[in-house]
Amino acid sequence: MRKRLIVSAASALSLFLAVPASAADFQPGAAGVGDSYYPTYGNGGYRVSHYDIRLKYQPATDELEGTTTILATATQDLSRFNLDFALNVSEVRVNGRPATFATSGEQELQITPARPLAKGSQATVVVRYKGVPSTVKKYGFTAWLRTPDGAVAAGEPESAWWWFPSNDHPSDKATFDVSVQVPDGNQVISNGILTGTTSQAGWTRYNWRENKPQATYLATLAVGKFDISTDTTANGLPVYNAYSKDLGDNADAARSSVERTGELVDWLSGYFGDYPFSSVGGYVPNVPTGFALETQTRVFYSPRQFSKGANTSVVVHELAHQWYGDSVSLSRWSDIWLNEGFARYAQFLWSEHENEGTAQELADYVYASHPADDAFWSVKPGDPGADNQFAGAVYDRGAVAIQALRNAVGDEKFFRILKGWPTERKYGNATIPEFQAYAEKVSGQKLGDLFNTWLFTAAKPAVGPVAKGAA
Ligand code: ARG
Ligand code: ZN
């Protein structure tokens, strides 16, 4: 808001003279969005609506270069602002004019535009850069994973810093175009729809587009040699899966699981409502790590997920995140239960569907298998701490909390909540208190005690997730 003169009654005339903001009114944007777990993640003073990422990657040397163009809107009178990024920047332009820039802290790129940005104004920010991402360590690690034939960007909460500058926090979602040029014979995998490829002079360019709001950590990039499998579900949803050609003994189990993506999306839609995005699929690169990640529309699976045979449960988990995490995203990282508790609960429902144990049985098992003095109970799923964001309790105790909620409100209301929440908050952001308020509205019950017991108490609840009428 433009500053106005503070006037006394005696100078009421000057009320009519709105004073234009002077340079002194423009302040630097904060170096973080104010996340209590990760104070420097994301930035203040602007919001991003779109990322256009245009890169060239050479798998032989891991050299990545290109430009990212960011469409942003200032949310304050801005003299300076930050992006989060780890590679070497050679040039920054804001609204066409060269801007000065400097690095600070681990991943802060500080940009001073030639002309300050007025609150509410649009800015086009072009960042040109180059680097060998696997060699760049921040907080001692890199989320850029090398494979024998290429590389993958996947990590949570950090993964963007090694391939595009961003406002790196899930509270600021944007649409994405990802266009990457690679030597002929390689493929590029990213989010959304492959809108086309072009080839010239020995290089092929892949153009990907995610047209729904996407958190920065859910953007993914993989380069390598993949077997591609495409299909369309009965509901007309395009499916695009990719398997590294060198998965060895895990190849068949990976395909036996990930090829069921379309079927599992349809099955989950029965619980969560219509699938929120315009494409779906997964990719299995030959990475040495063990995790999977719900990268939007195109789930990342490490081959180790399939080392014991087919694993439809992990596919269900990552697809459940498309509703719980990707479409409805966290406003703050401390609410990670909204993602992991529900994705694990979807696995409980799948187990029940497959006659491998009911959700109640699995919840009872989690409760019984951890004695009261087990450190498991010291993690509060509703506020686990940055170091415990992905602790077992966030998933398992988190899912038991959901079973306890189901038993408290009854199946009819429970399944209305499970479907209503991602429908009502589609493409948005949310917090645990907001979810509790929603569950209270739908159920007509006060749920404060239940949430405190299961999510916010660092001790084993005295009573397990008792089935209704069974106590
Ligand atoms: N959201 C992921 C999941 O599906 C967690 C990944 C955490 N692991 C990691 N290495 N960042 O459970
Ligand atoms: Zn998960």
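These numbers were taken from a predicted model, which means no experiment stands behind them. For ligands, and for the atoms within them, numbers begin at 1 and follow the listed sequence. These numbers come from the heavy atoms of this one structure, side chains and all, not from hydrogens, waters or symmetry mates.
Counting backbone and side-chain atoms alike, E340 contributes an N/O/S atom closer than 2.8 Å to the Zn ion (ligand 2).
Given atom 11 (N) of ligand 1, the protein heavy atom at minimum distance is E156 O, 3.2 Å.
Judged by distance alone, with hydrogens and angles left aside, the side-chain atoms of S159 form no donor-acceptor pair with the main-chain N or O of A143 at under 3.5 Å.
Within the set F291, Y301, F300, Y395, the minimum heavy-atom distance to atom 10 (N) of ligand 1 is found for F291. Closest heavy-atom approach to atom 6 (C) of ligand 1 within the set A292, G290, A143, G155: this belongs to A292.
Interface of E318 with ligand 1, defined as ligand atoms under 4.0 Å from a residue heavy atom, comprises 3 (C), 4 (O). Short contacts between ligand 1 and H317, defined as distances under 4.0 Å to a heavy atom of the residue, involve ligand atoms 3 (C), 4 (O), 12 (O). With ligand atoms numbered from 1 in the order given, ligand 1 contributes 1 (N), 2 (C), 3 (C), 4 (O) to contacts under 4.0 Å with heavy atoms of E294.
Ligand 1 has no atom lying under 4.0 Å from any heavy atom of Q389.
When ring centroids are compared, Y37 and W333 stay outside the 6.0 Å threshold.
The two residues Y38 and A386 make their nearest non-hydrogen contact at OH-O, 3.7 Å.
Shown are Q347, E318, R344, Q305; of these, the side chain to side chain contact (heavy atoms under 4.5 Å, CB included) with S313 is made only by Q347.
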Working note: R332 + D35, criterion salt bridge (charged side-chain N to carboxylate O under 4.0 Å, His left out); need CA distance, chi angles, decisive distance, verdict. CA-CA 6 Å; R332 52 188 194 199; D35 191 284; over 6 Å; no
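The aromatic rings of Y57 and W144 lie perpendicular to each other, with more than 60° between the two planes, well past the 30° mark.
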